[in-house]
Protein chains: 2
Amino acid sequence: MTANIKDVARLAGVSVSTVSRALGKGPVSAEVRRQVEAAVKATGYRPNLSARRLRSQRSQTIGLIVADIRNPFFTAVSRAVEDAAYRAGMRVILCNTGEDPEREALYMRLMQEERVTGLIFAPTRATIGGLRAQDFDYPVVLIDRAAASGEFDTVVLDNRGASARLVDHLVERGYRRIGGLFGSTSTTGIEREAGYVAGMSAHGLIPDARMIAPLAPAAEDAALAWLAEAERPEAIIVSNGLFLLGLFRAARRLGLSIPRELAIAGFDNEAWTDLVEPGLTVIEQPVETFGREAMALLFQRLKTPTAPTRTVMLSGTLIERASTHALTRARFKEPL
Amino acid sequence: MTANIKDVARLAGVSVSTVSRALGKGPVSAEVRRQVEAAVKATGYRPNLSARRLRSQRSQTIGLIVADIRNPFFTAVSRAVEDAAYRAGMRVILCNTGEDPEREALYMRLMQEERVTGLIFAPTRATIGGLRAQDFDYPVVLIDRAAASGEFDTVVLDNRGASARLVDHLVERGYRRIGGLFGSTSTTGIEREAGYVAGMSAHGLIPDARMIAPLAPAAEDAALAWLAEAERPEAIIVSNGLFLLGLFRAARRLGLSIPRELAIAGFDNEAWTDLVEPGLTVIEQPVETFGREAMALLFQRLKTPTAPTRTVMLSGTLIERASTHALTRARFKEPL
DNA sequence: CCCCAGTGTGAAATCGTTCTCAACGCATGA
DNA sequence: TCATGCGTTGAGAACGATTTCACACTGGGG
């Protein structure tokens with residue numbers, strides 16, 4: 001079917017090794033190079049990457065395992081990773097785990113079988129604790145989620161700081177009874193919850209954090225139930241864009257006026273968050289930077305394998321919008 | 001580093017061929033199978049996919065070339081494709097072209113080099129005309145965009161029908177001066193424009209279609225300029241979710257009341273379209289079906305290579321929202 | 001007792017590259 | 001004249017699997 005290097009060699013009247021050199025960067029005479037190029041064009045030859053990888057023992061492939069590409073955070077990250085990879089002449093294998101530890105294990109095996117050059121991974125909480133650097137034949141960079149062991153290069157947001165910042169912001173605007181919805185499957189959710197709790201405590205307020213599955217409908221259900229309780233919160237913080245969607249939908253369904261009856265703030269500055277009424281206050285994550293930094297850490301690690309591991313902590317940007325406008329305390333009986 | 005099949009064979013006390021058979025589905029005694037499995041576990045052996053692909057001449061890989069994974073349509077499609085692929089024991093190589101014909105060519109070469117089993121491709125208008133089935137060593141399924149030649153299996157929306165449907169809907173609601181913004185780089189944009197023009201003509205109305213680059217800012221700019229013109233349209237139809245974003249943003253910036261001063265309708269039922277005020281009328285595309293159908297066509301083609309090509313035309317669903325509520329004609333001097 | 005079919009096994013070829021090594025031609029310098 | 005070295009080339013050995021082929025063993029039927 002497809003021509004191989006032998007066909008090219010025959011047509012060019014040179015040996016296979018010479019063709020290989022001509023196509024690579026070996027020393028060949030200009031004359032031969034011309035002939036080989038002509039033969040390549042004539043035969044439509046394209047090198048077989050499997051053969052090349054097998055022989056050279058370099059896959060030029062990096063793995064990218066994320067929870068769900070439909071989460072806009074991961075969409076943007078993967079785009080950045082791919083761009084960087086292709087620019088470096090590498091390919092990307094993208095896998096979605098759906099936060100399922102079994103699929104994580106499956107895909108880690110796959111990466112091993114592909115003999116990837118490196119892996120960028122956003123593991124669930126369930127697997128992250130068991131990861132050991134020495135179990136991998138290639139460097140691993142964690143993204144969005146950090147392992148306690150510190151064995152891996154990592155790119156994360158300053159999750160605690162960002163959460164605390166949101167709490168500060170709400171308190172400053174006059175809110176006191178502030179609840180939080182956080183993802184239960186990732187360390188990121190946990191960290192953001194911790195930041196929220198710390199922030200609340202710092203203000204002498206009682207935290208009320210609830211952990212849920214990282215899906216928009218889960219957030220909507222949780223919010224609906226919560227807002228039906230007697231002691232309804234004045235504000236709710238959520239830990240990602242999907243929850244923002246669910247929470248906003250719940251508020252809408254209950255006909256709550258935002259921020260008068262419920263203030264909303266969260267993570268991920270998605271395109272729609274400033275188009276809804278009111279616009280939503282969010283922590284914007286530097287998504288492209290996540291991808292680029294992860295690739296940078298990976299390449300750095302490949303260059304200097306024994307260097308101490310590094311954690312790049314990126315900070316988010318608070319974008320204040322109308323969903324957290326100053327609370328008018330009139331309707332509350334309690335004093336400040 | 002990693003153990004290979006030879007190591008396993010040595011440890012299990014059998015030949016390499018027997019190991020291969022034991023791991024595959026060849027006939028081996030239960031005894032040997034046990035030993036091999038033990039040896040695999042002990043050595044941590046994982047087959048080398050490059051070697052396997054080279055020898056077996058089956059890459060078990062399908063290529064997926066889309067314009068931009070950040071476009072929610074392609075996000076959903078790619079998720080569906082991946083799920084189907086992994087379920088069939090195949091991997092996916094995902095590439096983003098950014099609607100750049102050069103990158104399309106680059107990635108088509110890459111697919112050839114990877115010796116993919118099949119390709120799912122959403123090409124730009126610039127390349128789609130030049131595609132010839134015989135130039136590929138593997139089946140190609142076009143998705144979202146159709147080639148005139150009919151040489152390829154294809155999954156598309158009934159673009160003309162859907163566009164005309166939007167026009168009908170708007171006319172029914174009392175709108176007459178209806179403009180349209182369409183993507184210039186894809187046949188889909190062209191088809192939707194054609195459906196719009198046909199729909200307008202059918203109602204005896206004068207179409208005004210403008211073709212722009214498939215990016216949200218382009219739509220915003222175009223809309224801002226358009227709405228500043230003397231003869232401002234009563235309604236604008238757009239051909240995808242990114243344009244919807246741009247158009248809505250433009251209307252917002254101009255402080256236009258929707259639908260009183262400008263009605264809006266378009267394609268792609270993105271999560272936010274029913275959260276903004278007013279909710280946006282859209283044609284919903286069965287995105288998961290796109291991915292699944294494309295995979296189905298691909299597998300079908302692999303099974304029966306010479307069967308005539310098929311085009312699966314999916315129909316969209318009109319979701320009526322407040323952005324196209326009935327026009328009150330009071331403010332217009334012209335008679336209907 | 002022989003033949004045959006079926007089962008299980010190993011040796012060796014093969015996939016398409018890259019890479020090592022030896023060798024060639026030719027110019028240069030001793 | 002001969003050794004040295006450089007630039008260029010080809011033969012052939014890998015890489016790690018699958019697959020073909022031949023063969024040994026078993027048991028059943030003639």
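Sequence lines set the chain letters: A, B, ... in the order given, protein chains first and strands last, and positions in each chain run from 1.
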* Go through B/Arg70 and A/Glu288 one step at a time and tell me if the salt bridge (Lys or Arg N to Asp or Glu O under 4.0 Å) criterion holds. => CA-CA 12 Å; B/Arg70 284 172 301 193; A/Glu288 264 88 26; 3.6 Å; yes
* Specify the angle, to 10°, made by the local axes at the two ends of the helix from C/dC1-D/dG30 to C/dA30-D/dT1 when five pairs are taken at each end. => 70°
* **Upstream residue (5' side of DNA chain D) when A/Val16 and B/Pro47 are each assigned their closest nucleotide** => A/Val16
* Structure fact -> Assign each of B/Arg115 and B/Ser17 the nucleotide of DNA chain C bearing its closest heavy atom; nearer the 5' end lies the nucleotide of B/Ser17
* To do: Would you mind reading off the distance between A/Leu54 atom CG and C/dT17 atom C1', rounded to a whole angstrom?
  => 8 Å
* Trace of the salt bridge (Lys or Arg N to Asp or Glu O under 4.0 Å) decision for B/Arg34 with B/Glu37 -> CA-CA 5 Å; B/Arg34 262 198 329 96; B/Glu37 273 160 13; over 6 Å; no
* **Whole-Å distance separating the CZ atom of B/Arg55 from the P atom of C/dG16** => 10 Å
* Asked: Would B/Met108 and B/Thr127 satisfy side chain to side chain contact (heavy atoms under 4.5 Å, CB included), going step by step from the backbone distance to the final call?
  -> CA-CA 11 Å; B/Met108 287 168 66; B/Thr127 53; 5.8 Å; no
* Just call it for A/Ser29: base, sugar-phosphate, or nothing, with non-hydrogen atoms closer than 4.0 Å on any strand. => sugar-phosphate
* Asked: Taking atom P of D/dT20 as reference, at what distance in whole Å does atom CZ of B/Arg21 sit?
  -> 11 Å
* **Smallest separation among heavy atoms of A/Cys95 and B/Tyr86, with atom names** => SG-OH, 3.4 Å
* Asked: So, do B/Phe290 and B/Phe73 have ring centers that fall under 6.0 Å from each other?
  -> yes
* Structure fact -> Here the distance between atom P of C/dT17 and atom CZ of A/Arg10, to the nearest Å, is 12 Å
* Structure fact -> Closest of C/dG10, C/dT17, D/dA17 to the A/Ile5 side chain is C/dT17
* Nearest-Å distance for atom pair CD/C1', residues B/Glu31 and C/dT9 -> 14 Å
* Structure fact -> Rounded to whole Å, CG of A/Asn48 lies from C1' of C/dG16 at a distance of 6 Å
* Asked: Is there a side-chain polar atom (N or O) of B/Ser15 under 4.0 Å from OP1 or OP2 of C/dA11?
  -> no
* Pairwise 5' ranking along DNA chain C for B/Gln57 and B/Pro27, keeping only the more 5' one -> B/Pro27
* Structure fact -> When B/Arg46, B/Arg52, B/Arg53 are each screened for salt bridge (charged side-chain N to carboxylate O under 4.0 Å, His left out) with A/Glu113, the one that passes is B/Arg46
* To do: Check the distance between D/dT18's P and B/Lys25's NZ and give it to me in whole angstrom.
  => 13 Å
* Tell me what A/Arg58 touches on the nucleic acid: a base, only sugar-phosphate, or nothing, going by heavy atoms under 4.0 Å. => sugar-phosphate
* To do: Using a heavy-atom cut-off of under 4.0 Å over every strand shown, decide if A/Arg33 touches base, sugar-phosphate, or nothing.
  => nothing
* Structure fact -> Rounded to the nearest 0.5 angstrom, the CG-OG1 distance for B/Asp7 and B/Thr2 is 10.0 Å
* Asked: A/Leu23 CG to C/dT18 P: how many Å, rounded?
  -> 8 Å
* Name the closest nucleotide to the A/Tyr45 side chain, picking from C/dT18, C/dT17, C/dG10. => C/dT17
